[in-house]
Amino acid sequence: MLPAHSTVLLVEDEPLIRLFLSELLEETGFRVVEAANGAEALVLMEAGLKVDVLLTDVDMPTGCNGFELAHRVNELWPGTELLIMSGRQWPSEGDLPPGAAFLAKPCPNEVIVSHVVSAAERKKRLFYVAETTRQPTERDSNILPFPKTA
C-alpha cells in the first residue's frame, strides 16, 4: 500500500541514474523532486519543500556527500525518512544518522521501490500518531464541538 501524496527528494549527481530512478518512483505513485547534489537538496528543503523520504547517493562531486546531507536533514527536518545509496563507499561507524537505511548499488528496482514505500509508510504512520496524540492548544479551546445528530 503506497501512502498517498508522498514526496521523495532524489539526490543523484549522475543524470541518467537520476532520470531512471525518478521515473521508477513516479511510476510507483510517488511525487519525485530531483536534485543534482546536496546543496540543491538543501535549497529545496529550506524553501519549504515538504519531503517524506530523502533518497540520496553518497558520492557527489561538489559540496557535501550523501552521509553529510543525511545528517543535516536529520538535524533540521528530523521527521524525514533517510535512504542512502552507494556502489563505491559503504558506511563506517557514525556515517548513518539514526533510523537511516543504506542500499548497496547495484540494487534491484524492486528493492529500491520496496525501501522507499516502507519509508513513506513509516513517515505517514509517525505523522498520524503525532497528530492524534498532540496536546490541545489555546487555539483549540476556542473551537466549539458540534453536537452529534442521528
Side chain to side chain contact (heavy atoms under 4.5 Å, CB included), that's the test. Do F30 and V117 meet it? Break it down for me.
CA-CA 9 Å; F30 288 102; V117 167; 3.9 Å; yes
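- The salt bridge (Lys or Arg N to Asp or Glu O under 4.0 Å) contacts involving residues 67-86 comprise E81-R122, where partners must be two or more places apart or lie in separate chains.
- Membership of an apolar cluster is not assigned to L19, as no side-chain contact below 4.5 Å to another ILVMFWY residue is traced.
- The hydrophobic clustering, which links ILVMFWY residues whose side-chain heavy atoms are closer than 4.5 Å, places W90 and F67 together.
- Hydrophobic clustering (ILVMFWY, side-chain heavy atoms < 4.5 Å, transitive): V58 and I112 are in distinct clusters.
- Put simply, the side chain of R31 does not reach to within 4.5 Å of the side chain of S6, judged on heavy atoms.
- Residues V116 and F20 fall within the same hydrophobic cluster, defined by Ile, Leu, Val, Met, Phe, Trp and Tyr side chains chained together at heavy-atom separations under 4.5 Å.
- From L55, atom CG reaches atom CG of L10 across 5.5 Å, with rounding to the nearest 0.5 Å.
- Here side chain to side chain donor-acceptor pair (under 3.5 Å) pairs that include residues 15-26, with residues two or more places apart or in two chains, are R18-E34, S22-E34.
- Evaluation of the side-chain contact (heavy atoms from CB on, under 4.5 Å) rule for P78 yields no partner, not counting sequence neighbours.
- With hydrogens and angles disregarded, a donor-acceptor distance shorter than 3.5 Å links the side chain of D52 to the backbone of T7.
- Partners of E40 under the salt bridge (Lys or Arg N to Asp or Glu O under 4.0 Å) rule, at least two apart in sequence or in another chain, do not exist in this structure.
- Side-chain contacts under 4.5 Å among hydrophobic residues (ILVMFWY), followed directly or transitively, place V11 together with L9, V33, L42, L44, M45, L49, V51, L54, M60, L69, V73, L76, W77, L82.
- Applying the salt bridge (Lys or Arg N to Asp or Glu O under 4.0 Å) test to every pair with at least one member in residues 109-120, sequence neighbours left out, gives no pairs at all.
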Given V53 and T80, is the side chain to side chain contact (heavy atoms under 4.5 Å, CB included) satisfied, shown in steps?
CA-CA 6 Å; V53 180; T80 304; 6.0 Å; no
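- The side chain to side chain donor-acceptor pair (under 3.5 Å) search around S86 returns none, not counting sequence neighbours.
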Identify each donor-acceptor pair in which a side-chain atom of residues 93-106 lies under 3.5 Å from a protein atom, sequence neighbours left out, and give them as a table.
from, atom 1, to, atom 2, distance (Å)
D95, OD2, S92, N, 2.7
K105, NZ, E12, OE1, 2.9
K105, NZ, D57, OD1, 3.2

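- Expressed to the nearest 0.5 Å, how far NE2 of H115 lies from SG of C107 amounts to 7.0 Å.
- You'll find the side chain of N37 stays beyond 4.5 Å of the side chain of D13, heavy atoms only.
- Taking CZ of R125 as the start and OG of S118 as the end, the distance is 8.5 Å to the nearest 0.5 Å.
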